[in-house]
Amino acid sequence: MPPFLPRNVTHSLIAAIVSATLMMPVARAADSNPSFRTCVDQLRDKAIDAGVSRQTATRVLASAEHLDRVIELDRRQPEFTTTFADYLNRRVNDDKVKEGRALLAEHRALLQRVKRETGVPPAYLVAFWGLETHFGRYFGKMSVPSSLATLACDERRSDYFTGELISALRIIDEGAISARDMEGSWAGAMGHVQFMPSVFLRYAVDADHDGKRDLWHSLPDAMMSAGNFLSHLGWDSDYRWGREVLLPDDFNYALADGEKKPLKDWRKMGITDAFGNELPHEDIQASLVIPAGHRGPAFLAYKNFNVIMGWNRSEYYAIAVGYLADRIAGAGKLQNPPPEDAPTLARDDIKALQEALQEKGFETGKPDGILGPDTRSAIRHYQSANQLIADGYPSKALFESLHITLKAEQPQG
Ligand code: CA
């Protein structure tokens with residue numbers, strides 16, 4: 001008898017459990033985790049209350065497993081930050097551009113149709129596809145029901161993942177995919193363009209009209225769904241995402257604080273496009289983004305930049321999507337590539353920076369090792385007060401001027 005069975009279970013029930021256990025494809029670590037099973041039972045009741053069919057909720061959650069790896073990944077805190085150069089070079093490179101261009105040509109008819117119906121141009125759709133799954137190569141191999149049940153039963157973001165789990169069960173209920181084939185990232189993102197279940201429910205489209213919204217096996221469904229989502233996020237089909245620009249020598253970097261201004265105001269300050277040409281005379285708003293400090297590239301970000309951030313809240317991501325889309329559409333490389341010698345910062349370095357700034361009277365908020373807007377603003381003020389270029393960027397020069405030795409440069413051992 002398996003050790004986890006209470007002694008008073010009847011023989012027929014034991015037989016049923018044993019035969020059910022034998023049908024399980026893999027050993028169920030979850031059974032040795034009674035609090036997880038109790039939690040999953042509660043999730044099943046919640047899902048049924050929310051309108052998921054009793055059959056789906058019961059069947060799918062009965063085989064949901066606790067995945068320790070998912071908790072590990074959720075708790076993972078990278079020791080060092082990624083520099084913009086590392087981030088961008090890994091995601092946008094000649095191989096990816098070449099492949100993107102080939103796929104753009106191969107799927108032109110489909111992508112043109114998506115553009116007609118959603119307003120999102122082909123090169124952007126291919127860029128999202130490239131960044132999310134390397135054009136469909138990596139969907140993630142985690143069981144989405146198990147991953148989401150694991151995260152829903154963990155205290156960190158239980159409510160959010162409970163909602164996502166219920167959405168995943170609804171997707172199974174509608175017949176889009178079987179529970180067994182519902183694979184994705186450790187956090188539950190699925191298919192060619194890595195939709196979370198709630199996004200899938202709201203925005204996925206059956207573009208090939210086979211009766212299923214299938215973001216794993218149908219490229220038409222996946223591309224039309226991406227376009228549909230972006231359109232709902234407010235995609236502006238009249239304009240690009242933004243562009244690389246050149247700043248005049250005496251530029252006041254304090255203006256790169258995320259605030260939007262009319263394009264003509266930036267033009268009057270002497271900002272040009274990346275080739276030194278005058279910016280277009282269009283009545284649109286733009287903000288200035290300088291992701292790698294004054295030694296790196298500068299971008300004017302238009303409305304679609306914020307739309308991309310509605311998909312993934314990262315400026316690096318939004319620039320990578322826009323830049324990859326431009327390259328796929330035929331543009332060349334950045335005129336000002338990001339410097340490759342930028343320091344990789346440990347959380348301790350950022351914390352030391354915050355403490356040093358606080359000590360000198362520049363308010364960073366509580367030193368937490370995270371480079372947020374308050375810290376950037378404190379850096380700018382410190383830079384201005386010390387005749388440094390006030391780009392808010394934590395450069396080597398900044399750390400040197402504050403006498404902080406970076407962790408990566410300290411002698412080991
Ligand atoms: Ca379909």
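Order of listing sets the numbers, starting from 1, for every ligand and every atom in it.
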- All heavy atoms of Ala222 vs all of Val193, minimum pair found to be O-CG2, 3.9 Å
- Which pairs pass side-chain hydrogen bond (donor to acceptor under 3.5 Å, both in side chains) with one or both residues in residues 117-129, sequence neighbours excluded? Arg113-Glu117, Trp129-His192
- Note on the structure: OD2 (Asp221) to the Ca ion (ligand 1) to OD1 (Asp208), nearest 10°, is 120°
- What angle, to the nearest 10°, do the atoms OD1 (Asp206) and OD1 (Asp210) form about the Ca ion (ligand 1)?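 That angle is 80°.
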- Task: State whether Lys212 contributes an N/O/S atom found under 3.0 Å from the Ca ion (ligand 1).
- Result: yes
- Tell me whether Asp214 has at least one N, O or S atom under 3.0 Å from the Ca ion (ligand 1).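 Within the cut-off used here (under 3.0 Å), Asp214 places no N, O or S atom near the Ca ion (ligand 1).
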- Do Thr272 and Asn277 get their side chains close enough for a donor-acceptor pair, meaning under 3.5 Å? no
- Task: Using side chain to side chain contact (heavy atoms under 4.5 Å, CB included) as the criterion, list what pairs up with Ala298, not counting sequence neighbours.
- Result: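 Result, side chain to side chain contact (heavy atoms under 4.5 Å, CB included) vs Ala298: Val245, Leu247, Leu288, Ile290.
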